[in-house]
Amino acid sequence: MNYTTKQLADLTKSQLIGNGGLQVTTISFDSRTLYSSADTAFIAINTQKNSGEKYIQAAVEKGIKIIISEHQVAGLQDITWIIVENSLKFIQQLAKHHLSLFNLKTVGITGSNGKTIVKEWLYQSLFTDFNTVKSPKSFNSQLGLPLSLLKIDGIHEVGIFEVGISKPCEMEILEDIFPPQIGVLTHIGSAHSSNFVDEEELTEEKIKLFKHSETIIFNGDNDLVYNKINEIYSCKNLISYGLKHRNDITITNDPNDKSEPLQIRYFNDEFQLPAQQRDEATLRNALCVVAVLKEFGFNFKQIVDKINTLKSVEMRLESVNGLRNNLIINDSFNLDLDSLKIAYQFIKEYNKPKNTLILTDIVEGKNAEQLYGEVVKITNQQDFSKIILIGDEIINYQNDFKAETYTFNNVNELIDSHILNQIESELILLKGARKFEIEKIKNHLELQKHDTVLEVNLNAILHNINVHKALLKPETKMMAMVKAYSYGLGGYEIAEFLQHHHIDYLGVAYADEGVDLRKNGITAPIMVMNPEQHSYNIIIDYNLEPEIYSFRVLELFTQQLAQKGIQEKYPIHIKLETGMHRLGFKEGELNELTEKLKHLNVKVASIFSHLSIADVPEGKDYTLEQIEIFKKNSDNLISGLHYKPIRHILNTSGIVHYSDYQFDMVRIGIGMVGISSSEKIKKQLQGAVSFKTVISQISTVNAGESIGYNRNYRTKNSTQIATIPVGYADGIPRLIGNEVGKVGIAKKLFPIVGNVCMDMMMINIGDAAAKEGDEVVIFNSNPSLEEFSNYCKTIPYEVLTSISRRVKRIYIKN
Ligand SMILES: *Cc1c(COP(=O)(O)O)cnc(C)c1O
């Protein structure tokens with residue numbers, strides 16, 4: 001897109017304040033992920049939960065000069081404002097207008113699952129023949145779709161966009177903006193969003209997208225969908241695909257027999273499709289691609305060729321620690337302009353002083369000049385200290401990049417060159433098209449290759465937080481407990497992610513943990529629950545906020561404040577004892593406490609207590625009593641203070657079972673990991689941690705042989721024993737040896753046999769078809785963290801915090 005500020009205001013009948021002649025080529029709604037401020041307008045999107053106007057300041061600090069917002073914010077210099085009635089409506093209106101300027105063939109994809117994969121596959125199949133534009137990642141919402149449409153420009157011949165809804169009435173709005181010529185309906189899942197009454201309502205809503213479509217391509221395996229579409233849209237060109245034989249496009253032979261190619265029937269024609277991956281979802285998606293490509297006029301041979309070159313759509317950004325204190329970001333998403341921009345946004349979040357980029361040829365469609373011109377432009381808006389280019393196309397543009405630039409024809413040349421070995425304490429972004437095998441560089445740069453990893457899925461943590469937030473009022477604050485190395489998952493990596501997602505408070509156990517976070521750039525408020533006497537100094541130096549639980553601590557801490565000459569009132573957190581009998585002020589001490597607090601150089605940032613039995617129904621009376629005491633005593637304290645500190649008492653189980661007593665803030669801990677004491681909530685959570693290793697060796701052992709130290713276990717029959725490289729030094733308790741515990745291999749459970757050794761243990765895998773090097777799951781879904789905790793006769797908290805530091809943590813973001 002390319003509009004002037006005046007055009008934007010005129011088109012949407014909005015008010016312009018400032019310069020009407022500024023160019024806008026990008027609209028960004030997220031101040032954190034601005035990859036460039038040039039020609040970019042920031043739009044403050046207000047939602048029920050959040051006001052985007054809070055982030056205008058941050059956007060301006062990043063150099064933004066144009067703001068689209070429902071209100072003008074005072075005190076900002078040199079800004080051009082477009083004041084709109086409703087910012088979401090503005091962007092929708094603009095997108096509708098924008099689309100109307102172009103004449104391109106449009107495909108709109110909706111459904112519960114498979115939208116993104118089908119979109120990416122269609123894109124991969126079409127871009128070599130047509131100039132094609134698509135939604136980035138899974139941008140498909142009320143905001144995502146308009147932003148995607150704004151990417152259309154004059155060169156595009158085909159546009160493929162995802163359309164997603166989460167509530168009734170949303171589709172009509174999206175269809176009005178974007179009525180696709182070819183409508184595609186992928187799978188409709190039975191796990192529908194709770195905002196819809198039932199599957200029927202959901203289906204009726206989704207297919208409203210096709211109101212003006214000429215052709216509808218739909219998955220006809222679901223009876224409801226099949227009947228509805230045939231009933232409502234009988235006069236349109238309907239094409240159904242799926243595994244049921246009534247569909248226009250289906251598979252006629254047995255897909256599970258991998259010795260034969262798939263036999264595909266397309267109406268009355270048949271052709272063969274060799275395909276290796278044959279799970280149902282993949283088959284359906286492939287049939288959908290066949291249907292759309294046929295509409296674009298390709299013949300069966302061309303279609304088979306295209307499907308054979310499809311790559312699996314992975315959208316994972318992986319960060320791993322590298323040698324020489326480097327941080328490696330390996331982005332294995334398809335390499336195209338969109339994903340490059342997304343990667344640039346992503347690395348901004350790390351705030352590393354120096355960044356190096358390793359970038360290959362972009363194997364995309366036509367017009368290399370224009371493509372690499374764009375690549376150069378957006379890359380030069382970043383601040384890379386080194387740029388390493390690989391491939392015979394991109395190296396032609398070497399001189400256009402503003403950085404120390406190196407070129408190589410292939411990955412091996414780069415590895416042999418020793419350039420990589422000179423990079424130290426930097427962030428290294430790896431961005432490569434598949435055929436370059438950029439993983440080789442990752443392996444070369446990675447810190448000790450370890451087969452045993454604890455993989456932490458940050459998006460799952462965010463999802464789990466949101467599941468708990470949904471139980472609370474929007475204004476209730478949340479403190480994330482990141483004590484004990486974030487329950488064993490990692491220090492600043494988790495905190496940084498939570499801070500990025502606007503967590504209100506962080507909680508740690510010791511001052512050292514808080515200092516570590518501060519040193520790694522965490523600026524969110526941090527409460528320290530065990531402010532040890534020797535640590536008051538660093539608490540103050542690092543702007544940490546102590547929990548004050550007794551007069552002794554209050555006096556010592558305020559003395560330290562005085563000694564350091566601190567003038568302003570220092571934030572502290574008052575802990576009340578309500579029934580846990582651990583730490584805290586007791587009822588009889590409150591009058592004296594109030595008096596002291598009034599005269600001391602402190603400000604009570606919060607008053608809190610902790611529940612001792614919120615996780616089981618039997619604890620209800622006691623918990624309500626604790627809450628009652630807390631309410632009464634904190635009311636008392638507050639009436640003496642004459643100001644209102646934040647109050648909080650609920651931990652994860654409290655949020656789930658006692659949300660009526662959320663006060664002003666809650667403290668989430670184990671819930672982030674995906675553990676819940678409520679079966680109902682547990683179903684909505686995602687496991688955020690998996691502990692994995694690989695098989696070191698497999699041996700066949702005769703009946704009656706002993707396994708491992710002390711000969712405690714004997715084989716009953718001849719069997720295969722797999723040895724895996726984790727032991728009690730990694731945090732696996734010795735008590736789960738000798739068939740107490742199990743591990744997962746290829747989704748099946750096998751017993752641990754013999755005593756657990758320090759660095760290894762043995763698994764009886766019977767006659768399983770496992771190979772050396774295969775993955776072994778200590779826990780994630782099978783066995784789950786809870787099941788594993790049961791083997792260990794303990795709780796998930798202890799299991800996680802016992803996993804030793806030598807186990808490498810890997811963080812995954814989608
Ligand atoms: C650890 C902790 C929490 C979090 O508990 P979960 O059960 O993990 O949610 C909350 N409050 C305090 C004071 C804690 O120490």
Side-chain angles (χ1 to χ4, degrees), residues 456 460-461 464-469 471-472 476-489 491 494-495 498 503-511 513-514 525-532 544-550 553 572-585 605-616 619 623 626-627 629-630 634 645-659 661-678 681-682 685 687-689 785-786 789 794-802:
V456 180
I461 291 182
N464 295 339
I465 286 183
N466 286 334
V467 168
H468 288 87
K469 273 198 172 161
L471 304 171
L472 302 169
T476 302
K477 293 184 191 309
M478 191 170 263
M479 176 184 284
M481 303 311 288
V482 293
K483 61 195 182 198
Y485 196 56
S486 291
Y487 288 41
L489 307 188
I494 309 277
L498 296 173
I503 196 82
D504 299 289
Y505 251 99
L506 296 168
V508 297
Y510 293 100
E513 298 174 348
I526 300 175
M527 177 175 92
V528 179
M529 293 190 294
N530 281 295
E532 295 165 296
L544 306 172
E545 304 176 9
E547 162 182 331
I548 303 290
Y549 51 82
S550 70
V553 180
I572 60 167
H573 300 265
I574 297 290
K575 177 72 163 287
L576 300 183
E577 162 55 38
T578 58
M580 178 88 173
H581 299 297
R582 196 164 68 174
L583 296 175
F585 287 98
S606 87
I607 305 173
F608 74 110
S609 188
H610 194 40
L611 298 174
S612 53
I613 184 163
D615 53 339
V616 290
T623 301
Q626 276 198 279
I627 292 171
I629 297 173
F630 177 65
S634 56
I646 297 171
R647 286 195 283 184
H648 45 117
I649 190 166
L650 303 183
N651 61 350
T652 301
S653 288
I655 299 170
V656 171
H657 302 295
Y658 300 95
S659 62
Y661 307 100
Q662 55 193 275
F663 294 93
D664 313 302
M665 183 156 81
V666 298
R667 302 185 303 271
I668 191 167
I670 199 80
M672 293 190 279
V673 180
I675 299 285
S676 184
S677 55
S678 146
I681 298 296
K682 187 153 62 184
L685 299 179
V689 204
L785 172 55
E786 280 109 323
S789 307
T794 182
I795 51 177
Y797 299 76
E798 189 183 350
V799 166
L800 291 175
T801 52
S802 304

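Values reported hereafter were calculated over all heavy atoms of this structure, with side chains retained and with hydrogens, waters and symmetry mates removed. All ligand and atom numbering here is 1-based and tracks the order in the structure.
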Student: Near Lys483, which atoms of ligand 1 are under 4.0 Å from a heavy atom of that residue?
Tutor: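 That gives atoms 1 (C), 2 (C), 3 (C), 14 (C), 15 (O) of ligand 1.
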Student: Can you tell me the protein heavy atom closest to atom 3 (C) of ligand 1 and the distance?
Tutor: Met481 CG, 3.5 Å
Student: Given Ser609, which partner from the list Ile629, Thr578, Leu650 fulfils the side-chain contact (heavy atoms from CB on, under 4.5 Å) test?
Tutor: Thr578
Student: Please identify which atoms of ligand 1 are closer than 4.0 Å to at least one heavy atom of Tyr487.
Tutor: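 Listed by number with element, the hits are 1 (C), 4 (C), 5 (O), 6 (P), 8 (O).
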Student: Quick test: of every protein heavy atom, which one is nearest to atom 11 (N) of ligand 1, and how far off is it to 0.1 Å?
Tutor: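 For atom 11 (N) of ligand 1, the nearest protein heavy atom is Arg667 NE, 2.7 Å.
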Student: For Phe663 and Phe630, I'd like to know if the aromatic rings sit close, meaning centre-to-centre distance below 6.0 Å.
Tutor: yes
Student: With heavy atoms of Ile670 as the reference, note each atom of ligand 1 found under 4.0 Å away.
Tutor: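 The atoms of ligand 1 under 4.0 Å from a heavy atom of Ile670 are 6 (P), 8 (O), 9 (O).
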Student: Does Ser653 reach ligand 1 with a nitrogen or oxygen that is under 3.5 Å from one of the ligand's nitrogen or oxygen atoms?
Tutor: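 N/O-N/O distance below 3.5 Å does not exist for this pair.
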Student: Consider every N or O of Gly669 and every N or O of ligand 1, then say whether any pair is closer than 3.5 Å.
Tutor: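 It does: an N or O of Gly669 is found under 3.5 Å from an N or O of ligand 1.
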Student: Take Asp664 and Lys477 through the test side-chain contact (heavy atoms from CB on, under 4.5 Å) and record every step on the way to the result.
Tutor: CA-CA 6 Å; Asp664 313 302; Lys477 293 184 191 309; 6.0 Å; no
Student: What distance do Leu506 atom CG and Met479 atom CE have between them, rounded to the nearest 0.5 Å?
Tutor: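 If I round to the nearest 0.5 Å, the distance is 8.0 Å.
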Student: Taking atom types as modelled, is there a side-chain donor on His648 or Ser606 under 3.5 Å from an acceptor on the other?
Tutor: yes
Student: If you count the atoms of ligand 1 from 1 in the order shown, which ones are under 4.0 Å from a heavy atom of Tyr797?
Tutor: 6 (P), 7 (O), 8 (O)
Student: To check your reading of the model: name the closest protein heavy atom to atom 9 (O) of ligand 1, its residue, and the distance in Å.
Tutor: Thr652 OG1, 2.4 Å
Student: For atom 13 (C) of ligand 1, which candidate among Met529, Met580, Glu547 holds the nearest heavy atom?
Tutor: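 Ranked by closest heavy atom to atom 13 (C) of ligand 1, first place is Met529.
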Student: So, taking the atom named NE2 in His657 and the one named OG1 in Thr623, what distance separates them when rounded to the nearest 0.5 Å?
Tutor: 9.5 Å
Student: Between the side chain of Thr652 and the main-chain N/O of Gly669, is any donor-acceptor distance below 3.5 Å?
Tutor: yes
Student: Does Glu532 CD have over 12 foreign heavy atoms under 6.0 Å away?
Tutor: yes
Student: How far is atom 12 (C) of ligand 1 from the closest protein heavy atom, and which atom is that?
Tutor: His610 CE1, 3.4 Å
